Amino acid sequence: MYCVVCKNETLEAHKCSGCQQYVHIICGESDENNEDYGQNITCKLCIRKKNINVEKEVAKFGQEKQAQKMIAFSNSKLPEVDIGTNVAVRVPDVDRGRTAPRNILAVVAGINASGLYELGTKEGHFDRLYARNEFIIVENNFIEINDVPSTLLTVRSASTLSSSSKQGFISCHCKRYCIDRKCKCLSKNIKCNSKCHNNSSCKNK
């Protein structure tokens with residue numbers, strides 16, 4: 001028989017009450033105040049494991065409490081929005097064409113249990129949920145929930161449909177003409193812009 005802690009030989013006198021392995025009494029803590037033969041003790045490995053689990057629970061409780069404080073602070077600065085309210089969603093520069101607006105008008109179509117918002121436009125529902133700090137409330141309601149079709153679309157697609165501008169972050173670096181499919185802009189059926197080149201001989205402007 002070997003002690004589960006120190007790995008040295010031991011008798012069958014003491015057994016850990018946690019892992020049920022044999023252990024020296026000096027390699028654990030006794031559940032009683034005496035050292036009688038055959039008493040159960042808790043080995044140092046089980047004690048350490050128990051302490052780690054307690055620390056994990058304390059840390060988890062602290063994180064949940066901190067999250068609740070952050071949510072309460074956010075709600076105080078950004079109040080909840082009712083379903084049917086019109087909002088403005090910012091379009092990232094990488095998804096926006098040159099003539100596209102910086103924001104897209106949408107309507108709050110739903111709210112899930114986590115407090116995230118489902119937004120939609122006249123072209124369809126967005127394919128992702130939004131947090132309260134990702135949009136702002138507009139004064140008037142221009143879109144009703146009934147105006148939102150069941151199709152899903154991305155912010156880039158919504159921006160393209162609302163502005164009819166297809167030029168986003170795509171650009172070419174052709175040396176001349178831009179008349180064949182080697183030109184990235186021409187292959188995407190969009191016009192070259194100032195980000196592409198300064199070549200006056202470009203035929204795709």
Side-chain angles (χ1 to χ4, degrees), residues 1-85 87-95 103-104 106-121 124-137 145 148-159 169:
M1 300 296 178
Y2 294 90
C3 174
V4 69
V5 178
C6 66
K7 306 302 181 182
N8 294 325
E9 291 188 13
T10 182
L11 301 176
E12 300 181 14
H14 306 293
K15 210 172 191 182
C16 175
S17 59
C19 61
Q20 300 298 317
Q21 300 293 325
Y22 295 109
V23 62
H24 293 124
I25 194 167
I26 61 173
C27 294
E29 293 182 2
S30 175
D31 299 334
E32 303 173 4
N33 295 327
N34 54 65
E35 298 182 4
D36 295 336
Y37 180 87
Q39 67 169 317
N40 288 333
I41 64 173
T42 304
C43 68
K44 293 182 179 179
L45 298 179
C46 290
I47 294 173
R48 181 184 178 186
K49 183 178 180 180
K50 181 180 179 180
N51 291 336
I52 290 175
N53 291 334
V54 170
E55 292 295 331
K56 285 183 177 179
E57 291 297 325
V58 172
K60 181 180 178 181
F61 176 78
Q63 290 179 342
E64 291 177 349
K65 189 174 181 180
Q66 183 66 22
Q68 293 174 357
K69 288 183 178 180
M70 294 175 65
I71 292 173
F73 177 78
S74 177
N75 291 337
S76 64
K77 297 293 184 181
L78 300 170
E80 294 183 359
V81 179
D82 296 331
I83 295 177
T85 304
V87 297
V89 182
R90 185 182 180 279
V91 182
D93 293 339
V94 70
D95 295 325
N103 300 300
I104 297 177
V107 61
V108 178
I111 308 173
N112 70 356
S114 301
L116 298 176
Y117 293 84
E118 178 185 352
L119 305 180
T121 67
H125 290 267
F126 288 132
D127 60 350
R128 50 156 293 198
L129 299 176
Y130 285 82
R132 176 59 185 86
N133 61 347
E134 293 183 288
F135 58 83
I136 59 175
I137 302 174
I145 298 179
V148 182
S150 59
T151 56
L152 294 178
L153 74 165
T154 62
V155 176
R156 181 182 298 178
S157 299
S159 177
F169 63 93

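Note that the coordinates shown come from a computational prediction; the quantities given were computed from them, not determined experimentally.
Residues passing the side-chain hydrogen bond (donor to acceptor under 3.5 Å, both in side chains) test with T154, sequence neighbours excluded: S157.
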Inset, instruction - For Q20 and K15, run side-chain contact (heavy atoms from CB on, under 4.5 Å): C-alpha distance rounded to whole Å, both residues' side-chain angles, the deciding distance at 0.1 Å, then the answer. - result: CA-CA 6 Å; Q20 300 298 317; K15 210 172 191 182; 4.1 Å; yes
Inset, instruction - Could you go through the side-chain contact (heavy atoms from CB on, under 4.5 Å) check for H24 and C6 one step at a time? - result: CA-CA 8 Å; H24 293 124; C6 66; 3.2 Å; yes
Inset, instruction - Any chance you could lay out the side-chain contact (heavy atoms from CB on, under 4.5 Å) test for V108 and D82, step after step, and finish with the verdict? - result: CA-CA 7 Å; V108 178; D82 296 331; over 6 Å; no
Inset, instruction - Go through the steps for V148 and H125 under the test side-chain contact (heavy atoms from CB on, under 4.5 Å), then give the verdict. - result: CA-CA 7 Å; V148 182; H125 290 267; 3.4 Å; yes
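Taking CG of L129 as the start and CD1 of I111 as the end, the distance is 11.0 Å to the nearest 0.5 Å.
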Please tabulate, for side-chain N and O atoms in residues 60-69, each donor-acceptor pair with protein atoms closer than 3.5 Å (sequence neighbours left out).
none

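Screening Y130, F126, Y117 for a ring-ring contact (aromatic ring centres under 6.0 Å, His included) involving F135 leaves a single residue, Y117.
What you find for E29 and I41 is that their closest heavy atoms are O-CB, 3.4 Å. Contact detail for Y2 and K7: the closest heavy-atom pair is CD2-O, 3.3 Å. Considering every non-hydrogen atom in both C27 and V5, the closest pair reads O-CG2, 3.6 Å. The heavy-atom pair separating I104 from S159 by the smallest distance is CD1-N, 3.6 Å. The shortest heavy-atom contact between V4 and L45 is O-CD1, 3.6 Å. The minimum heavy-atom distance between C16 and C43, with the atom names listed, is SG-N, 3.4 Å.
Remark: side-chain polar atoms of R132 are paired, donor with acceptor, to backbone N or O of P79 under 3.5 angstrom.
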